[in-house]
Every structure is written in C-alpha cells, then in structure tokens.
2 protein chains.
Amino acid sequence: MSKIKEKSTNNQNRKFLSNCDMTYAVEVIGGRWKILILVNLANGPLRYSELKRKIEKVTERMLTLQLREMESDGIVKRTVFAEVPPRVEYEITPIGEKLVPICLQLSDWGTLHRETTKNSL
Amino acid sequence: MSKIKEKSTNNQNRKFLSNCDMTYAVEVIGGRWKILILVNLANGPLRYSELKRKIEKVTERMLTLQLREMESDGIVKRTVFAEVPPRVEYEITPIGEKLVPICLQLSDWGTLHRETTKNSL
DNA sequence: CTCATTACGTACATTTTTGTATGTATCACA
DNA sequence: TGTGATACATACAAAAATGTACGTAATGAG
C-alpha cells in the first residue's frame, strides 16, 4: 500500500498482503477429511481400503472425493495396480510432505487452545 | 492403538492419533475470512469499519459473523466504547497470536505450491 | 453357480456456509 | 428537519459441502 521505501515491518506486511496464498492453502487443506488423510499417509503409502479403516467415520464417497481433490491439488499421488480385486495406493507428494509439519503445529496449537479455553470459557 | 511399550516413532504416532486437535484447529481458522481477519489484526487492534475497509470483499454480515465466532473461540477480543457513533475494537488474544506464525507458514507453502504446480499441472 | 472383495460411481437429500437486501439506534452537524 | 457515520441485526436466497443408499466390474474361492 505504502509505495516505496520502507524497511523493517515491510517484509511482514508483504506477507500479510499476499494473503491470497494463505487463503489458498487453507482451501487446500480445508476439507473435512483432508488433514486426517494427510497425516495418515505421513508414515507411508496406503491403499484406499486401509485409509478407510484408519479414518473410521469417513464414508467411501467422501474419502474418494477428498482424495481426488488432493490429487488434483498435487499433494497426494494415486497409483493403480492392474490386479483383481483392484488395488490403488495413495502417497504424499514432496510438496504435500511440507504440509505435514505445519499440520502438526496446528495440532499442537489445538491442544494448547483446548487446555487454555477449558478453564476460561 | 498399540498398547504400551513402543519408542521412536511413537511420539509421531501420538500426534497423528490426536488428530481431533488438528481438525479442531482447522475448524477454528477455516472460515472464509478468518485468517484474513487474523493477519490484519496482527499489527494491532482495528475497529470494525477499518477491518471492513482492509478486507474489501467481505460483506458486513460475514465480517460480523466471523468475528463473533473468532471471539467465542477466544482468538479475538471485542471491546465496545460507549461513544456515538459507536466504536468497537477488535484485537488478537495471546492464544490467537500463536496462530499468526503458522498462518505465515501456510502462506509460504501456498506460494511455493503455486509456483510448483503452475509448471507441472 | 454363488459369494466375497476392492475401489469406486451415481442419484438424491440434508446440512452448512456464504451472500443479498434492507432496517435500526444514537447523536453531531448543517 | 434532514443527512451521515457506525456497528451491527434480520429475513431470505443461493451455493457449497457433506451424507445416505445403492449399484458395478472383474475374478478367485467354495
């Protein structure tokens, strides 16, 4: 906003102003099941049915939908094996990996927040 | 899940299993306008109309709704001054502050992700 | 021949989120 | 007396997300 010469807080402000990337990131992980999927894949690839079992409450439809979105967002990779019965494996992509530590921080924050607010609210 | 003695990767798994906190955190920041509000408040308190001006596309209704939710989630504080015309200021709470750096990381990730995928997708 | 398994697809219903439009109280100022 | 500013509220509508129920192809096991 301010035109040209400014120092110290300017880097911060830059980031604040490029908020689209932030909103964008939240959209990418914002689905009801996406971060659960992400962290479940953090230990290595899993097939569809394994994911289904790990995330008990998700329906097949939702699991499929979220995986497809994550795939087209480039954070998971889908591999089909030509077998019968079918076998499909999902794994995190390198850029998806970079989300994992952030998710863990969110988890920590969530824990902290719960502990904090259970006393005050 | 596994009952008792396990070492190395166990801490990781613990975190992964406490995924509720993660989901919870995503819900807290998941509203369409919440992180924008958050980072706009990161430099100090703002009044309603100032927020409105900074986040141009938000409607008054949405701004109010999101602020109310953030208030009841304990990440922003609302202060009413008994003046006419009315004056209401919003500021981040200490625990809300702790979300800011995480949001910035998300922003960075978003930037990176865009740069990466614009070539490959 | 029948049944189970796997990884989905599809139609439809419900819920949640977001948006649009309009109204309101108070007071200062012209 | 009329107008503008502020920080909302409220009714209604549209859109997006999520859920429910059921179907499907291929094949090996019994």
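A note on names: the letters A, B, ... follow the listed sequences, proteins ahead of strands, and every chain is numbered from 1.
- Following rounding to the nearest Å, A:Lys57 (NZ) and D:dG19 (P) show an atom-to-atom distance of 11 Å.
- Contact of the B:Ile102 side chain with the A:Gln105 side chain is registered, since non-hydrogen atoms from C-beta on lie closer than 4.5 Å.
- The phosphate of D:dT18 (OP1 or OP2) has a side-chain N or O of A:Gln66 nearer than 4.0 angstrom.
- Taken together through direct or relayed side-chain contacts under 4.5 Å among Ile, Leu, Val, Met, Phe, Trp and Tyr, B:Leu112 and A:Ile29 form part of one hydrophobic cluster.
- The nearest whole Å value for the distance from the CD atom in A:Glu27 to the C1' atom in C:dT17 is 13 Å.
- Going from atom CZ of A:Arg32 over to atom P of C:dT15 covers 16 Å, rounded to whole Å.
- Nearer to the 5' terminus of DNA chain D, by closest-nucleotide assignment, is the contact made by B:Val84 (compared with the other of B:Val84 and A:Val58).
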Polar atom pairs (N or O), protein with nucleotides 7-10 of chain C, under 3.5 Å:
| from | atom 1 | to | atom 2 | distance (Å) |
| --- | --- | --- | --- | --- |
| C:dA7 | OP1 | A:Arg47 | NE | 2.9 |
| C:dA7 | OP1 | A:Arg47 | NH2 | 2.9 |
| C:dA7 | OP1 | A:Val88 | N | 3.3 |
| C:dA7 | OP2 | A:Ser49 | N | 3.0 |
| C:dA7 | OP2 | A:Ser49 | OG | 2.9 |
| C:dC8 | OP1 | A:Arg68 | NH2 | 2.6 |
| C:dC8 | OP1 | A:Arg78 | NE | 3.4 |
| C:dC8 | OP1 | A:Arg78 | NH2 | 2.5 |
| C:dC8 | OP2 | A:Tyr90 | OH | 2.6 |
| C:dC8 | N4 | A:Glu60 | OE1 | 2.4 |
| C:dG9 | OP1 | A:Arg68 | NH1 | 3.1 |

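- Atom pair A:Met62:CE and C:dT14:P shows a separation of 16 Å (rounding to whole Å applied).
- Proximity of B:Ile37 to B:Met70: side-chain heavy atoms (C-beta onward) are separated by under 4.5 Å at one or more points.
- Closest heavy-atom contact between B:Leu106 and A:Ala25: O-CB, 3.4 Å.
- Per the geometry, CG belonging to A:Leu46 stands 14 Å off P belonging to C:dT6, to the nearest Å.
- Atom C1' of nucleotide D:dT18 and atom CD1 of A:Ile37 are separated by 13 Å, given to the nearest angstrom.
- Between A:Arg87 and A:Glu89 there is a salt bridge, since at least one side-chain N of the basic residue sits less than 4.0 Å from a carboxylate O of the acidic one.
- The distance from atom CG of B:Leu65 to atom P of C:dT18 is 9 Å, rounded to the nearest whole Å.
- For the pair A:Thr79/A:Tyr90, no side-chain contact is recorded, criterion being any heavy-atom separation below 4.5 Å from C-beta on.
- In this structure, CD of B:Glu83 is placed 12 Å from P of D:dT6, rounded to the nearest angstrom.
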